[in-house]
There are 2 protein chains.
Amino acid sequence: MTSILVPRPAEALLETGGGAPDAPVLAIDIGGTKLAAAVVEPGGRVAVYDRVPTPNEPSMDGEALWRTLAAMLEKLLAEAGEPALAGVGVGCGGPMTWPDAHVSPLNIPAWRGFPLRERLRETYPGLPVRVHNDAICLAIGEHWRGAGRGRGNMLGMVVSTGVGGGLILDGRLIDGASGNAGHIGHIVVDPDGPSCECGGRGCLEAIARGPGLVNWACEQGWQGTTGVALADDARRGHPVAQAAMRRAGRALGLAIASATHLCDLEVVAIGGGISQAGALLFEPLEETLRTYARMDFARRVSVVPAALGQTSGLVGAAALIFEPEKYWSAD
Amino acid sequence: MTSILVPRPAEALLETGGGAPDAPVLAIDIGGTKLAAAVVEPGGRVAVYDRVPTPNEPSMDGEALWRTLAAMLEKLLAEAGEPALAGVGVGCGGPMTWPDAHVSPLNIPAWRGFPLRERLRETYPGLPVRVHNDAICLAIGEHWRGAGRGRGNMLGMVVSTGVGGGLILDGRLIDGASGNAGHIGHIVVDPDGPSCECGGRGCLEAIARGPGLVNWACEQGWQGTTGVALADDARRGHPVAQAAMRRAGRALGLAIASATHLCDLEVVAIGGGISQAGALLFEPLEETLRTYARMDFARRVSVVPAALGQTSGLVGAAALIFEPEKYWSAD
């Protein structure tokens, strides 16, 4: 890779934690629907952005998927003028081993134990490469530059095909024992509820994820196939779609009540396609939360829409490099 | 106060964070049943210990209660030979404002907004005084010197008249926005369950606390008044008492499943009177936990009895002084 900016030895970057003041970060967001990447400036601004649909045909093998990603990154960096980079930050669908990031995204069958961090290190030798769960990166993005800015205690959530999250407490990202802290989607909100893909039952995700809501709505006579269509129909006044949003809102309110009792949160920021239902989702959420979270400290939590839109995961991935003292505890 | 050890200027103690290598800590544990105190050595050993029943007659006023506590502390320090102290650490029943510790323990009506930290600072001028929730101090004690020793991610729980806890994540005590993190007792385990003293419904505490179990058992024909008697009867084979323990165990298992999904825990340590039911409580707990926590990372959590017995809260209160980098984030 050539560079038109002043080249920096990798050692100097590492000495400053990869956070050289003026070098940008290559940020990558890997999901079942799209592969996105951006060059993110130190302040968090997305300078250059690109995305391609995730190739997910059954014949796709892991190496072919990697080549698709690598080609997109090469093109992006060329467009950006081949900047000297401070590092590479990645959000990727889980599960994964962490921090070594052998990734097995639920919605990307071609990658099972794919050594993503290792491959990126080979591609960008000498640069720090840091990979975390995509929902955690969204939470970091919202904490660093979005709805949780300046708050010490925040839960960031994605309500979409799945329900995921990331937890910032006492001002720092919480990783937990294996990098899996933040799985708000598997708070049990109804012990006798529907079975969950995790193997359990009655998890928030089993009720509030897009496909769960779609199934439930279809049983009630709604016709459609996607969570986004369901949220759209709810906004247009379809009664079953609205009832589905109330169902999701109630489950979210219960899970957030439990989470704030356990973690004493200031703010919960919710993104993802389902959250676009707006008040139809947030009003029953708020009503349920206020019913179950009654102690003074728990009443103080505010629940807000995520602020950064579709780039929050990329901004958060970049913060793994820019702000390691807050967001990266590993190696 | 005179001293038979080499006196240290308070400034020197403060410079080392109050953790002078050989000075002991005065540790205090304030609950609705007893006031306990100890002189705790730097390694965590309880050198001298005393307790008195909490005077709780309706005529008791806050100043009289304070005098009872102050007299016990004076006697204890005399017995210990008036040691030079590194500081004063306190666990006190909640709620309280934190870290300034205006305390209003639920079970001590004489104290409502009582300025405990201020009073102790006046009594022990120049020494650091640190106050936290009593369940948090138990969790700290178990993390520092008990069942969670050496683990980075632990939930410490008390199952007694109430259900409380404290959360250690990524190696440090989590305080949350207002010092209230760790309220595991208010994870909602049954949205349609019994009303809770917090104002909510279906909280773990509403089901599994001693008085809740006693009420339920009495409705089923058991005769008795205390949770400890109920646990005893369960061990002796009383079928209703055993069913009450299964009910508590199931609620605990559900709450711990949710907690470990959110926080990625390694170990949960459970103390308090109800936990003395042993396998009668822990077996249904474990069965429920294994049913609801199925993802690889969540299956790794182990649930164990607290190891330190009745001194764990005192040992944890002492650690507020001895190990502030792990357990004390305030001032």
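Reminder, nothing fancy here: chain letters follow the sequence lines and each chain counts from 1.
Shortest non-hydrogen contact noted between A/Leu280 and A/Met245 is O-CB, 3.7 Å. Between B/Val131 and B/Cys92, the closest heavy-atom pair is CG1-CB, 4.4 Å. Of all heavy-atom pairs between B/Leu320 and B/Val90, the closest is CD1-O, 3.9 Å. Shown here for B/Ala181 and B/Gly176, the closest heavy-atom pair between the two residues is CB-N, 3.9 Å.
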Could you pull out every donor-acceptor pair under 3.5 Å between chain A and chain B?
residue	atom	partner	partner atom	Å
A/Asp170	OD1	B/Gly176	N	3.0
A/Asp170	OD2	B/Asp175	N	2.9
A/Asp175	N	B/Asp170	OD2	2.9
A/Gly176	N	B/Asp170	OD1	2.9
A/Ala177	N	B/Asp264	O	2.8
A/Ala177	N	B/Asp264	OD2	3.3
A/Ser178	N	B/Asp264	OD2	2.7
A/Ser178	OG	B/Asp264	OD1	3.3
A/Ser178	OG	B/Asp264	OD2	2.9
A/Ser178	OG	B/Arg300	NH2	3.4
A/Gly179	N	B/Asp264	OD2	3.3
A/Asn180	N	B/Asp264	OD2	2.8
A/Gly182	N	B/Leu262	O	2.7
A/His183	N	B/His261	O	3.2
A/His186	O	B/His261	ND1	2.7
A/Val188	N	B/Ser258	OG	2.9
A/Pro191	O	B/Tyr292	OH	2.6
A/Gly199	O	B/Arg294	NH1	3.4
A/Ser258	OG	B/Val188	N	2.9
A/His261	O	B/His183	N	3.2
A/His261	ND1	B/His186	O	2.7
A/Leu262	O	B/Gly182	N	2.7
A/Asp264	O	B/Ala177	N	2.9
A/Asp264	OD1	B/Ser178	OG	3.3
A/Asp264	OD2	B/Ala177	N	3.2
A/Asp264	OD2	B/Ser178	N	2.7
A/Asp264	OD2	B/Ser178	OG	2.9
A/Asp264	OD2	B/Gly179	N	3.3
A/Asp264	OD2	B/Asn180	N	2.9
A/Tyr292	OH	B/Pro191	O	2.7
A/Arg294	NH1	B/Gly199	O	3.4
A/Arg300	NH2	B/Ser178	OG	3.4

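Looking at B/Ile321 and B/Pro128, their side chains come closer than 4.5 Å, going by heavy atoms from C-beta outward. Between A/Val268 and A/Val304 there is no side-chain heavy-atom pair separated by less than 4.5 Å. Side-chain contact between A/Pro305 and A/Ile270 is absent, with no heavy-atom pair separated by less than 4.5 Å. Contact check for B/Ile174 versus A/Cys263: no side-chain heavy atoms found under the 4.5 Å cut-off. Taking the side chain as every heavy atom from C-beta outward, A/Ile136 and A/Leu173 approach each other to under 4.5 Å.
Interface summary for chain B: among A/Gly199, A/Ala177, A/Ala293, A/Pro95, the most heavy-atom pairs under 4.5 angstrom belong to A/Ala177. Note on B/Pro191, B/Gly185, B/Gly182: by heavy-atom pairs under 4.5 Å with chain A, the leading option is B/Pro191. Chosen from A/Leu254, A/Val189, A/Ile187, A/Leu265, the residue pairing most often with chain B at heavy-atom distances under 4.5 Å is A/Ile187. Of the listed residues (A/Gly200, A/Gly171, A/Cys198), the greatest number of heavy-atom pairs within a distance under 4.5 Å of chain B belongs to A/Cys198.
Within the 4.5 angstrom heavy-atom criterion, no atom of A/Val301 approaches chain B. Of the two parts of B/Leu167, only the side chain, counted from C-beta on, holds a non-hydrogen atom closer than 4.5 Å to a non-hydrogen atom of chain A. With a 4.5 angstrom heavy-atom cutoff, B/Ile256 does not touch chain A via any of its atoms.
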